[in-house]
Amino acid sequence: MEPSSLSGLPAGVGEALEAEGVAELYPPQEAAVEAGVVDGESLVAAVPTASGKTLIAELAMLSSIERGGKALYIVPLRALASEKKAEFERWEEFGVTVGVSTGNYDSDGEWLASRDIIVATSEKVDSLIRNGAPWIDDLTCVVSDEVHLVDDSHRGPTLEVTLAKLRRVNPGLQTVALSATVGNADVIADWLDAELVESDWRPIELRTGVHFGNAIEFDDGSRREVPVERGADQTAELVADALDTEEDGQGGSSLVFVNSRRNAESSARKLTDVTGPRLTGDERDRLRELAEEIRGVSDTDTSEDLADAVEEGSAFHHAGLASEHRSLVEDAFRDRLIKCVSATPTLAAGVNTPARRVIVRDWRRYDGEFGGMQPLDVLEVHQMCGRAGRPGLDPYGEAVLLASDADTREELFDRYVWAEAEPVRSKLAAEPALRTHVLATVASGFAATREGLLSFLDNTLYATQTDDEGRLAAVTDTVLDYLDVNGFVERDRDGGSEGLAATGIGHTVSRLYLDPMSAAEILDGLRTVADGADDEGAAGDFVPADGAGPAPDAGAEADADDSGFTTYTRADEEGGDPAAEAGEPDAAAAPAVTPLGLYHLVSRTPDTYELYLKSGDREEYTEVCYERETEFLGDVPSEYEDVRFEDWLAALKTARLLEDWANEVDEDRIAERYGVGPGDIRGKVDTAEWLLRAAETLARDVEGVDGDTVVRVREARKRLEYGVREELLDLAGVRNVGRKRARRLYEAGIESRADLREADKAVVLGALRGRERTAERILENAGREDPSLDGVDPDRSASAAATAGADADGDGDGQASLGDFG
DNA sequence: CAGGTTGGTGTATAGACAGCATGTC
DNA sequence: CTATACACCAACCTG
C-alpha cells in the first residue's frame, strides 16, 4: 500500500511520506489502515520497537485533524515528549500545529488549545484534566505510546485512569494504543473497544542469541565465532567483534546493558581498551571536545569519569547523570562518535538510541523487597534487545545475552529468546494508586456517589481483567475511609446511595497533583506550627493521649478525626506510644520553622523517593536527629520502638542533602557526602521545590497558620531553587546570576539587586572575573540604566576576594569554609 | 625486606512523573 | 536466602 493512496489525510501528506522514503507501508501499518485507523477507528498496535508504530499514530492523528479534530499523544517520559514533538513538527507545513506540555516544559507559551497535536506525559494529562483544561473536550483522537506501561505499579494506574477519563468525557474518541509485543494485547484491545493489530514484523532483521564459550548461537540457527581467551572479558570481545565487522564502511556500535550504576561505570571504563585504539584522529579530536562539554555540565566525579571514558570512545548512561550528560551521550552515540555505551535500563525505555549490537550482560538484578537477585522481566529484556539494528545504517541487528556456562545458555534461550513477554496486568487495585485517583475522580466531577465511582472504575483495564469483583470495591472503600477521615472528601450516607464530594482542601490537593498521603503529612506538619495550637494545644501536639499523633484543633470531633487519620496512615504498626519516648521536644511553644524542618517534612512524604541509608548512616543521622530535634514539624518516632524511625532517618538524609544545597555546598561535595550523582541532586531538589510550592498553597488553607510561616516556606523553597543562603536570594533572582556569581558579588560587597544598579562597575566586573559580556548582561538584567562596561577595568581586589572564597569552598573542607559565609 | 599475590570479609545494588513562571558558570 | 563487583585488609609468597 502506498502512502499517497490513502484517503482522509491532509493534502500532500501521502506524497510527503513517499518523499521521505516511505514508498510502501510496512505490513503492520497496512494492517492498521485496513483496521480503520484513518477512519477514526480505535486500535491497539502491539508490534516491536522501530517497526513503524509512530507512523500508525501519525496516520490516526492527521486524519482526525483533517476531519476537524484535535489529537493528544501521550508519552511515558518527558524526554520522549520533545523527541515526538520534533518528529511531528514536520507536518507543520501542512498546517498542522504541535505543542508540548510536561511538568517542566510548556511549548512556546502558546495556548495548547490552539494546537492540533499535543504531546504530553500521562501525569500531565491527568493534571490537565484535574485542572479543567478546556480543550480536553475537543479531543477526537488520543494516542497512548508504550501502553504496556499500565503494568507499572507506580505509574500504570495513572495512565489507565487517564485513558478511562478521556474516553468518558468524549465517547466518540478514537483511541490508538501503541504497545510492545506483550502476552495479552487482546485484553488491552478489549478494554479500549479497539481493533487489534499484532505482529512480530520488523523492518530490520533482528537476530537474538546467546554467547557462551567461543561463539554466539542465534535463534535462527546461525552461529558466529567470537572467541574469548582465558581471562579475557566476554563483553569486551563482543564489542570488539562488532567494531571490527564493517558494514556500510564502518564498524558497528554496541549497547551493553548491566544491572547497576557502578557496573555501568566500570564496564565503560574497561571498554575504553576496546574502543580507544580503534578511533581515528578526527574522532579523537571531536571526542575531546565532547569530553570538555561533559566536564562543563557538572564538577562531580561522575562527570569527570564520564568525560574520561568518552575521550576513549566509550560511555556510561544511568539516572545519576545530569540530563545534559545523558543527552550528550545519546546524541554522540547516535552520531556514531561514541562506539559503545554501558547502560542501566534507562536506555532501554528512553529515547531512541539504536546500536548494531545489543549485549545483555546482566539478566538478574538486585531486588531489595525480595532480598536477592531477581531475573529481569521478559518484556524488559525484549525491549533491550529491540534496540539492536539502526535503521538505514545496519543491514541487521544483533542482540546477545551472555552466559558463563552451558546450563545458563539453555536457561537464557528458554527464558528470554524463545519466550513470549508476560501479560500486562493492571495494578490499579492498590491503596496508594486508588488513594490519589479516587480523590481526583470525585474532585473533577467524574463521580458524585460511591456507586458512580465504582461504575467509573468499571471502565478501567483492571475491571476488564479481574475475576475478583469485590476487590476493587473493597479497596475503594478503604481509600474512601482514609480520604474522609483526613477531610478530603465528604460522604453523605442518606438513603440507599452514598453521596461523595470533595472538600475545599480535597479539591486543592487534587489540583496540586499531590498524593493525598503527602498532603496529609504536610498538613499535619503545618498544623504543629499553627498559632491556635501553640499555647493551649501544645501538650496535645506532642503528647497525644492515644499515641496517635498531633491534634491541632481543640474540638472533640476534630480530635477524633485527626487521631483516626494518623493511626490510619501508619496502620502497618503497633499502636504503642511512639512519641512519648524520643519524640517529645522540650519546646513549650510551636517550634520556629526552619528550612531543615520543612525539607524533612516534604522528604518524608510518599512523593519523595527515599535515599538509601548506608552503613554508618543510621548512627550519623540518629545523632543529627537528636541535635536538631526542635526543628522537626511533627512528632519524631521512637528510635527503639518504632519501625517508622528508619524511614524518618532516610528522610533526614534527604533533608540534609537539600539543606546542603541551600547552604551553597558544592555539587561535588554533596555527591560525595551522600553517595549520589549530579542527576540525583537535581532530582531531589526539583521534587522538594515542587512539594514546597504545594506546601505553600496548603499553608494558606490551614487554620491558624500565620503569614510568617508561609513566608518561611516560600523562602526555604526559593533557597532550593537558587541553591543559596538567605542573604543571596535577592541577587540570585537576577537573571544570569546563579549561586556562584551571587556569592562572588556578595563577597565583593554587592549584596542586592539595588547594589548592582549603583555599584562601582569596576568592582562588579572584578567580582565576575573580568567577564565583560556576562557582567553587562547582568547589570542590564538588574535594571541598571547604563550597563555598558566600555573602558572599565576590573577591580582586582574584588576578584581576589571572590576567588579566595570560591577556592576555599571547592578544595578544602566544605563545612569549615562555609563558616566564612555564615 | 619491599612489593606483589591471594583470599577472606564487608558492603552495596534501576528508574523518574507532577506545579509554576522563566533562565547557570 | 538465591549474585556479583569491588574496596579493603591481612596473611602469605617471592626476588
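In what follows, every chain begins at residue 1, and chains take the letters A, B, ... in the order their sequences are listed. Only a predicted model underlies this, so the values are computations on that prediction, with no experimental measurement involved.
Residue A/Thr344 has a polar side-chain atom (N or O) positioned under 4.0 Å from OP1 or OP2 of B/dG15. When the side-chain nitrogen and oxygen atoms of A/Arg78 are compared with OP1 and OP2 of B/dA18, one or more of them lie within a distance under 4.0 Å. OP1 or OP2 of B/dA12 has not a single side-chain nitrogen or oxygen of A/Ser260 nearer than 4.0 Å. Between A/Arg326 and B/dA16, a side-chain N or O to OP1/OP2 separation shorter than 4.0 Å is present. Remark: A/Thr158 is not in phosphate contact with B/dC17, judged by side-chain N or O atoms under 4.0 Å from OP1 or OP2.
Judged by centroid separation below 5.5 Å and plane tilt below 30°, A/Trp690 stacks onto the base of B/dA18.
The distance between atom CG of A/Leu691 and atom P of B/dA16, rounded to the nearest whole Å, is 18 Å. Regarding A/Tyr513, its OH atom lies at a distance of 16 Å from the P atom of B/dA16, rounded to whole Å. A/Glu324 has its CD atom 13 Å from the P atom of B/dC25, to the nearest Å. Distance, A/Gln383 CD to B/dG15 C1': 14 Å, rounded to whole Å. For A/Arg130 and B/dC17, the CZ to P distance is 16 Å, given to the nearest whole Å.
Classification of A/Asp305 and A/Arg269 as a salt-bridged pair fails, no side-chain N sitting under 4.0 Å from a carboxylate O. Salt bridge status for A/Glu747 with A/Arg743: present, with a side-chain N to carboxylate O gap under 4.0 Å.
With a cut-off of 3.5 Å on both pairing distances, B/dT22 has no Watson-Crick or G-U wobble partner at all. Under the Watson-Crick or G-U wobble criterion, with both distances below 3.5 Å, B/dA14 has no partner in any strand shown. With a cut-off of 3.5 Å on both pairing distances, the Watson-Crick or G-U wobble partner of B/dG3 is C/dC13.
Comparing B/dC17, B/dG15, C/dC6 against the side chain of A/Thr121 picks out B/dC17 as the nearest. The side chain of A/Arg744 has B/dC25 as its nearest neighbour among B/dG15, B/dT13, B/dC25. Which of B/dA18, B/dA16, B/dT13 sits closest to the side chain of A/Ser127 comes down to B/dA18. Across B/dA18, B/dC25, C/dA5, the shortest atom-to-atom separation from the side chain of A/Thr102 is found for B/dA18. Taking the side chain of A/Tyr366 as heavy atoms from C-beta on, and the options B/dG15, B/dT13, B/dA18, the nearest nucleotide is B/dT13. For A/Arg364, the side-chain atoms get nearest to C/dA3 when compared with the rest of B/dG15, C/dA3, B/dT11. Side-chain proximity of A/Glu380 to B/dA18, B/dA14, B/dT13: nearest is B/dA14. The side chain of A/Asn263 approaches C/dA5 more closely than any other nucleotide in the set C/dA5, B/dC25, B/dA16. Of the listed nucleotides (B/dC25, B/dA14, B/dG15), B/dC25 has the atom at the smallest distance from the side chain of A/Arg741. Here the nucleotide nearest the side chain of A/His318, chosen from B/dA18, B/dT11, B/dG15, is B/dG15.
Within 4.0 Å of A/Asp126, counting heavy atoms only, lies no atom of the nucleic acid at all. Using a 4.0 Å heavy-atom distance criterion, A/Leu77 is classed as a sugar-phosphate-only contact. Counting any heavy atom pair closer than 4.0 Å across all strands shown, A/Val258 reaches no nucleic acid atom. Contact annotation for A/Arg682: no contact, since no heavy-atom pair falls under 4.0 Å across all strands. Nucleic acid contact class of A/Asn736 (heavy atoms, under 4.0 Å, all strands): sugar-phosphate only. Within 4.0 Å (heavy atoms only), A/Gly371 reaches at least one base atom of the nucleic acid.
Note that A/Arg717 lies outside the cation-pi zone of A/Trp690, set by a 6.0 Å cut-off to the ring centre and a 45° limit from the axis.
C/dT4 sits 26 Å from B/dA16 when the P atoms are compared, rounded to a whole Å.
Between the side chains of A/Tyr513 and A/Asp126, at least one donor N or O lies within less than 3.5 Å of an accepting N or O.
Both A/Thr346 and A/Tyr722 sit near DNA chain B, but only A/Thr346 has its closest nucleotide nearer the 5' end.
The base of C/dA5 is paired with the side chain of A/Arg262 by a donor and an acceptor separated by under 3.5 Å.
Separating the CD atom in A/Gln374 from the CG atom in A/Asn259 is a distance of 13.0 Å, to the nearest 0.5 Å.
The salt bridge (charged side-chain N to carboxylate O under 4.0 Å, His left out) with A/Arg673 is formed by just one residue from the set A/Asp666, A/Asp660, A/Asp668; it is A/Asp660.
In A/Arg771, the CZ atom is not crowded: 12 or fewer heavy atoms of neighbouring residues, nucleotides or ligands sit closer than 6.0 Å.
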